Amino acid sequence: MEKGHEIAMTSTTPIQRSVKRQSYADQVSAYIKDQILSGELRQGDKIVEEKIAAEFGVSRTPIREALTRLQAYGLVNIIPRSYAEVVRIGEKEAADIAQLRLLLEQMSFNLLCRKPNQYAVTQLKRISEEARDALLRKDKASYFEADSLFHTV
């Protein structure tokens, strides 16, 4: 090896890196969420556990776990001992949610302007660019994911 191209080891202890493995429930949850956010599954559509279990080659247990997560996220309603469906949102409820989000976003913006946090500003800019790019690609699922992430920064 040429001089200057060697990698110096400063420690004999190996670096521990973690590999994130996704559980079946994580994979199914992401799949159903993408279908809902992209519009493939619409308000009120039934989510057929058996079909998804067959597609993934898994039992219905991870499907149910994924549906429970999506219910907590507000995307799915589970009708006990029956079925799950994509949540239905009426016009009034959608308008109320939009109004509440607008007020919260204005308040958040005002707080950020009073005491700027450069890390938050950088993250918000990056996420808003991702959302814009997804919107231009007409990728609704990625847009909604970026929009949700934007509101957690």
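Here the structure is a predicted model, which means the values were calculated and not measured.
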Joint hydrophobic cluster, [X] plus [Y], side-chain heavy atoms closer than 4.5 Å:
X: I52; Y: Y73; answer: yes
X: L111; Y: L104; answer: yes
X: M107; Y: L102; answer: no

Can you tell me how far [atom2] of [Y] sits from [atom1] of [X], rounded to the nearest 0.5 angstrom?
X: I78; Y: I47; atom1: CD1; atom2: CD1; answer: 8.5 Å
X: F150; Y: K125; atom1: CZ; atom2: NZ; answer: 12.5 Å
X: D34; Y: S29; atom1: CG; atom2: OG; answer: 9.5 Å
X: S108; Y: L103; atom1: OG; atom2: CG; answer: 10.5 Å
X: E130; Y: D147; atom1: CD; atom2: CG; answer: 12.0 Å

- Check: Q106 main-chain N/O paired with N110 side-chain donor or acceptor under 3.5 Å: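 Pair found, side chain donor or acceptor close to backbone of Q106.
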
Contact summary for [X] and [Y], nearest pair of heavy atoms:
X: V87; Y: G74; value: CG1-O, 3.3 Å
X: R88; Y: Q43; value: CA-OE1, 3.4 Å
X: E85; Y: G44; value: OE1-O, 3.8 Å
X: L41; Y: I32; value: CD1-CG2, 4.3 Å
X: I89; Y: A94; value: CG2-N, 3.6 Å
X: V58; Y: I63; value: CG2-CD1, 3.9 Å

Are [X] and [Y] packed together at the side-chain level, in the sense that at least one heavy-atom pair is separated by less than 4.5 angstrom?
X: I97; Y: E93; value: yes
X: Y31; Y: E55; value: yes
X: S142; Y: R137; value: yes
X: I36; Y: V76; value: yes

- Message: Does either side chain, that of D26 or that of S23, offer a donor lying less than 3.5 Å from an acceptor on the other one?
- Response: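 Side-chain D/A pair, D26 to S23: present.
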
Any carboxylate oxygen within less than 4.0 angstrom of a Lys/Arg side-chain nitrogen, looking at [X] and [Y]?
X: E145; Y: K33; answer: yes
X: R101; Y: D96; answer: no
X: R60; Y: E49; answer: yes

Should we say atom [atom1] of [X] is surrounded by more than 12 heavy atoms from elsewhere, each under 6.0 Å from it?
X: Y24; atom1: OH; result: no
X: E91; atom1: CD; result: no
X: F109; atom1: CZ; result: no

- Item | Residue pair L112, V121: steps toward the side chain to side chain contact (heavy atoms under 4.5 Å, CB included) verdict | CA-CA 8 Å; L112 184 61; V121 170; 4.1 Å; yes

- Query: What pairs meet the ring-ring contact (aromatic ring centres under 6.0 Å, His included) rule with one or both residues in residues 118-139, with sequence neighbours excluded?
  - Reply: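 Listed by first then second residue: nothing to list.
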
- Apart from I79 itself, what residues make up its hydrophobic cluster, given side-chain heavy atom links below 4.5 Å?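 Members alongside I79: Y83.
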
